[in-house]
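Data block below; observations after.
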2 protein chains.
Amino acid sequence: MKDPLLDYPGYSLRRAAGAVMTRLIARLEPLGLRFVDSSAMLMIEANPRITASQLGRMLDIQRANMVPLVNRLEAEGWIERAPLDGKSHSLALTAAGKAKLAEARRVIAETEAELIARVPAEHRAHLKPALDALWR
Amino acid sequence: MKDPLLDYPGYSLRRAAGAVMTRLIARLEPLGLRFVDSSAMLMIEANPRITASQLGRMLDIQRANMVPLVNRLEAEGWIERAPLDGKSHSLALTAAGKAKLAEARRVIAETEAELIARVPAEHRAHLKPALDALWR
DNA sequence: TATTGTTATACTCTATAACTATA
DNA sequence: TATAGTTATAGAGTATAACAATA
C-alpha cells in the first residue's frame with residue numbers, strides 16, 4: 001500500500017504532534033487534568049496575578065473559551081481569583097493547585113524525555129529550533 | 001511575561017502543527033475541501049480500489065467516522081464506490097475528483113514549500129526524520 | 001473607544017457502542 | 001470468528017456574536 005502523505009513534512013508534523021499529545025493526555029487524565037489545565041497552571045505559576053484574558057492570549061485560546069476553563073480550575077480549588085480593578089481578576093495558584101501542578105510537571109517531564117529519546121541523536125538539537133521557526 | 005511552555009519541545013510541536021494546519025486549512029477552504037478530504041483523495045489516487053476501512057487505518061480515522069467523509073466525497077462527485085465483494089466497496093477518484101485533487105495538490109505544495117522556507121537552512125534536513133521518529 | 005468578563009450557540013473532530021451482513 | 005459498513009450518540013475543542021461594566 002502506497003502512502004503519498006509520507007512525502008509531506010507537514011503531514012509528519014501533524015501526525016507527530018497527534019501522537020505526542022495522545023501520550024501526554026493519557027498520562028494527565030488519571031490526575032484529573034486536561035492538557036489545557038496543565039498549560040494554564042504552568043503559566044499562572046510563572047506569572048502570578050495574570051488575568052484570564054492575558055492567559056488566553058498566551059495560550060492562543062479565545063477569551064470566551066477561557067471562562068469554563070478558569071471556572072473548572074477554580075471549582076477544583078486549584079486557582080483563586082482576586083479583583084485587580086473594577087473589571088479584571090488576577091489568577092493565582094492555591095496550595096492545592098501547586099501540589100497538583102507538581103504532579104503534572106512530573107508526567108510532562110516524563111513525556112518530554114520520551115520525546116527526546118525517540119529522536120535519533122543526530123537530529124535532536126535541530127528539532128526545537130526548527131519547530132519554533134514554524135509558529136513564533 | 002514569562003512563558004515556561006517555551007521550554008518544552010512537545011509544546012513547540014503542538015503549536016507548530018497548529019500553525020501549519022491553520023494555514024493549510026485556510027487555503028483548502030476556498031476549494032470546498034477539508035484537510036481530511038485532500039488526505040483521503042491523495043491516498044485513493046495512489047491506491048485505487050482501496051476500501052474505506054483500509055483508508056481509515058492509514059489515515060488513523062475510526063471506521064465509523066469514515067462514513068460521513070466518504071459520503072461527502074461521493075456526493076460531491078469526486079469519488080465512486082464499486083462493490084468489491086459482498087461486504088466491501090472499492091473507492092476510486094472520478095475525473096472531477098482528479099481535477100479537484102490537482103487543485104488541492106497545488107495549495108498543499110505551496111504550503112509545504114513555505115514550511116520548508118521558514119525553517120533555518122541548517123535545521124531543514126533534520127526536521128522530517130526527527131518528526132517521523134515520533135509517530136512511525 | 002477599547003478591553004474584560006460573560007452568556008449563548010454552533011460547528012468540527014473524535015470516540016464508543018451496537019447492529020447487520022459477509023468473509 | 002473476524003471484518004466491513006453503518007447508525008446513533010456523546011464529548012471535547014473551538015469559533016462567533018453579542019452584551020454589560022469598566023478602563
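A note on names: the letters A, B, ... follow the listed sequences, proteins ahead of strands, and every chain is numbered from 1. Note that the structure is a prediction, hence the values are computed from the model and not measured.
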Mind checking whether [X] and [Y] have side chains closer than 4.5 Å, heavy atoms only?
X	Y	result
B:Leu24	B:Val20	no
B:Asp85	B:Ser88	yes
B:Leu13	B:Leu134	yes
B:Arg72	B:Arg34	yes

[N] [atom2] sits how many Å from [X] [atom1], rounded?
X	N	atom1	atom2	value
A:Gln62	D:dA18	CD	P	15 Å
A:Leu55	C:dT3	CG	C1'	16 Å
A:Phe35	D:dA12	CZ	P	17 Å
B:Asn65	C:dC13	CG	P	10 Å
A:Leu59	D:dA15	CG	P	13 Å
A:Leu84	C:dT4	CG	P	11 Å
A:Lys87	C:dT1	NZ	C1'	10 Å
B:His89	C:dT22	NE2	C1'	11 Å

Let me spell it out: for each of B:Asn71 and B:Thr22, pick the nucleotide of DNA chain D with the closest heavy atom. Which residue's pick is nearer the 5' end?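 This one resolves to B:Asn71.
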
Pick base, sugar-phosphate or nothing for [X], based on heavy-atom distances below 4.0 Å to the nucleic acid.
X	value
A:Arg34	sugar-phosphate
A:Arg72	nothing
A:Ala52	sugar-phosphate

Can you tell me if the side-chain N/O atoms of [X] get under 4.0 Å from OP1 or OP2 in [N]?
X	N	result
B:Arg63	D:dA2	no
B:Ser88	C:dT22	no
A:Arg81	C:dT6	yes

Main-chain N/O of A:Lys128 paired to B:Ser12 side chain as donor or acceptor, under 3.5 Å: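 Absent.
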
Both B:Ala64 and A:Thr51 contact DNA chain C. Taking the nearest nucleotide for each, which residue is further toward the 5' end?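 Here A:Thr51 is the residue nearer the 5' end.
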
Residue A:Val67, side-chain atoms from C-beta onward, closest of D:dA23, C:dT7, C:dT4: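 That would be C:dT7.
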
